[in-house]
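See below for the structure under consideration.
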Amino acid sequence: MNPTVKQSYELARAQYAAHGIDTDEALERLSRIKLSVHCWQGDDVRGFLFREQELSGGISVTGSYPGAARTPQELRADLERAFSLIPGKHKVNLHAIYADTEEAVDLNELEPKHFQRWVDWAKEQGLGLDFNPTCFSHPKAADGFTLSHPDEAVRRFWIEHCQASRRIGASFGEQLGQPCVTNVWVPDGYKDVPADRLAPRRRLKEALDEVFAEPLDPAHHLDAVESKLFGLGSEAYVVGSHEFYMGYGLQNDKLICLDSGHFHPTETISNKLSSLSLFASGILLHVSRPMRWDSDHVVILDDELLEIARELVRGDLLERTFIGLDFFDGSINRVAAWVIGTRSTLKALLRALLEPAEALRQAELDGDYTTRLALAEEFKSYPFGAVWDYYCERSGVPAREAWLDDVKAYEREVQLPRGEAARV
């Protein structure tokens, strides 16, 4: 280890210890957190089942930076490079369109065997896997409806796809020895004001009841449902609203997914966590960065990310919350996007673990708001960066921006030649 990093850590450790904060314990807690890193950042949500199908369902990726993964092998190689620059052991979040198979198969025909190469790779890498049915970018989703579709035959197709997805997720959990979270999100909605808001929601509820009818071992598999406020093509009405899924999740004991980009631009999810935690058995958290809408910018260490981390730590919610990333930016190097977003999320969690939560709570209970404000402000400049650098080096990954040289070399040697090969 770099002696300067070690020395800086010891100085920081002493400063935090003066307030009763054990930096070693904080790092031990951080090392146990598994973030679910989304595969779709690596290829702009194209997947491998229907490469020529245009993105739909409000999915939009900006940019054409060279080097996107074109095959499952390339995507796994890119993920490996990203994980080599991120401290800790984590999970990979797959969508159904990322099946690794030569077999021609539609979404409702998918089976665990179509993802076995992903499972074998995850075992080799010491990673977990999460899963999502892909209810978009498919001819049967072209009119904007899937599980709430008025046509029973189309609705049946999507029910069968989600049922298949749950079985695939359960196989992941069984083989990898850790639960797979399978998250259901559908883009269903109207661009303009509908005449009937109730009927589509009734159809969605009934479809979900069928999807979740098969009992699965929670040691292997957990269900989650995800809402959205609006999307491209569904600006006026989304069938799966927050109120719909909160009610459904609470009534049916499902994880409720909060995506930081799926609410009103001025609405934050950090303020929802404490309320939801009192009633939900668990929470799935999708960390994104909306820029005035659900624009899925790369996550950075901003105020809302810090507030989310504080709520998870101060509310003792880490054991009940499954944290995943959900952004896709095609305007920058895609491996760098993973590294920046994942490291930023871990940094936010570390900062929260290093704050004097008990002292702040006690000051608040005592009505001493002066102390509460003073401590909160002073700790913003405490040397958490020294603790982070130590954690990175201890984990065998570069500290600070040193990782960027590795990504630039990978871009030159691996990613850029992909585009050259495509032109030959």
Side-chain angles (χ1 to χ4, degrees), residues 1-9 12 23 26-27 30-44 63 65-69 74-93 121 124-127 287-289 296-302 305-306 309 323-354 383-418:
M1 177 177 290
N2 184 321
T4 302
V5 169
K6 175 67 172 174
Q7 182 181 26
S8 296
Y9 174 71
T23 55
L27 291 180
L30 184 65
S31 71
R32 296 197 299 267
I33 297 173
K34 291 178 179 287
L35 301 184
S36 191
V37 179
H38 56 311
C39 73
W40 49 92
Q41 166 60 45
D43 78 326
D44 302 340
Y65 199 90
E74 290 181 351
L75 185 57
R76 286 192 284 266
D78 291 354
L79 282 162
E80 285 182 33
R81 183 52 62 105
F83 280 123
S84 74
L85 304 171
I86 297 165
K89 279 294 182 182
H90 302 285
K91 303 175 83 176
V92 172
N93 197 7
W121 172 77
E124 293 170 2
Q125 300 294 317
L127 302 167
V287 181
S288 180
R289 181 164 60 103
D296 295 297
H297 286 68
V298 178
V299 169
I300 61 173
L301 192 60
D302 61 7
L305 186 61
L306 285 168
I323 308 172
L325 306 179
D326 188 4
F327 52 80
F328 30 92
D329 187 345
S331 69
I332 66 173
N333 182 286
R334 294 167 182 81
V335 172
W338 274 321
V339 176
I340 293 167
T342 310
R343 286 172 64 118
S344 293
T345 304
L346 291 170
K347 288 176 186 176
L349 291 164
L350 177 59
R351 277 193 59 170
L353 289 166
L354 292 173
F384 104 94
V387 183
W388 170 256
D389 291 347
Y390 175 78
Y391 180 57
C392 286
E393 292 222 349
R394 193 185 76 176
S395 303
V397 306
R400 298 196 177 250
E401 69 277 5
W403 62 265
L404 186 56
D405 291 337
D406 189 289
V407 170
K408 291 291 187 180
Y410 186 74
E411 180 180 288
R412 289 192 305 270
E413 298 163 10
V414 177
Q415 292 176 296
L416 292 182
R418 291 173 185 168

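Side-chain atoms are counted along with the backbone in the values below, which use heavy atoms only and exclude waters and symmetry mates.
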Query - Whether Y9 and Y390 hold their rings parallel, tilted or perpendicular, with breakpoints at 30° and 60° - result: parallel

Query raised in the report: About how many Å separate CD1 of I33 and CD1 of I323, when rounded to the nearest 0.5 Å?
Result: 5.5 Å

**Report entry** Close side-chain approach of W121 to L127, heavy-atom, < 4.5 Å
**Finding:** yes

Query - Whether H90 side chain and L35 backbone form a donor-acceptor pair below 3.5 Å - result: yes

**Report entry** Least distance between heavy atoms, P87 atom then C392 atom
**Finding:** CG-SG, 4.2 Å

**Report entry** Contact summary for L306 and A348, nearest pair of heavy atoms
**Finding:** CD2-CA, 4.0 Å

Query raised in the report: Could you state the interatomic distance from CG (L346) to CG (L350), rounded to the nearest 0.5 Å?
Result: 8.5 Å

Report summary line: Heavy-atom nearest pair, D43 first then A68, reads CA-CB, 4.3 Å

Report summary line: CG of L301 to NZ of K347, rounded to nearest 0.5 Å, is 6.5 Å

Query - Check: E393/N2 side-chain N/O donor and acceptor closer than 3.5 Å - result: no

Report task. State whether the side chain of H38 and the backbone N or O of G324 hold a donor-acceptor pair below 3.5 Å, judged by distance alone. Result -> no

Query raised in the report: Is there a donor-acceptor pair closer than 3.5 Å between any side-chain N or O of K89 and the backbone N or O of Q125?
Result: yes

Report task. Determine yes or no for a side-chain-to-main-chain donor-acceptor pair under 3.5 angstrom, with S84 supplying the side chain and R81 the backbone. Result -> yes

Report task. State whether the side chain of R334 and the backbone N or O of Y65 hold a donor-acceptor pair below 3.5 Å, judged by distance alone. Result -> yes

**Report entry** Under 3.5 Å side-chain donor-acceptor pair for D326 and W40
**Finding:** yes

Query raised in the report: Under the salt bridge (charged side-chain N to carboxylate O under 4.0 Å, His left out) criterion, do R418 and D78 qualify, and how do the steps go?
Result: CA-CA 12 Å; R418 291 173 185 168; D78 291 354; 2.7 Å; yes

Report summary line: Nearest heavy-atom approach of D329 to Q41 is N-OE1, 2.8 Å

Query raised in the report: What orientation do W388 and Y391 show, parallel under 30°, tilted 30 to 60°, or perpendicular over 60°?
Result: tilted

Query raised in the report: Has the side chain of R343 got a donor or acceptor atom that lies under 3.5 Å from a matching backbone atom of R400?
Result: yes

Requested in this report: Give the minimum heavy-atom separation between L416 and P66, together with the two atoms involved.
Outcome: CD2-CG, 3.5 Å

Report summary line: Between D296 and S288, the two heavy atoms sitting closest are OD1-OG, 3.2 Å

Requested in this report: With V339 as reference, evaluate V397, V298, L85, D406 under the side chain to side chain contact (heavy atoms under 4.5 Å, CB included) test and give the passing residue.
Outcome: L85

Query - Derivation and outcome, side-chain contact (heavy atoms from CB on, under 4.5 Å), residues L325 and W338 - result: CA-CA 9 Å; L325 306 179; W338 274 321; 5.7 Å; no

Query raised in the report: Within a reach of under 6.0 Å around CD of Q7, are more than 12 heavy atoms found that belong to other residues, nucleotides or ligands?
Result: no

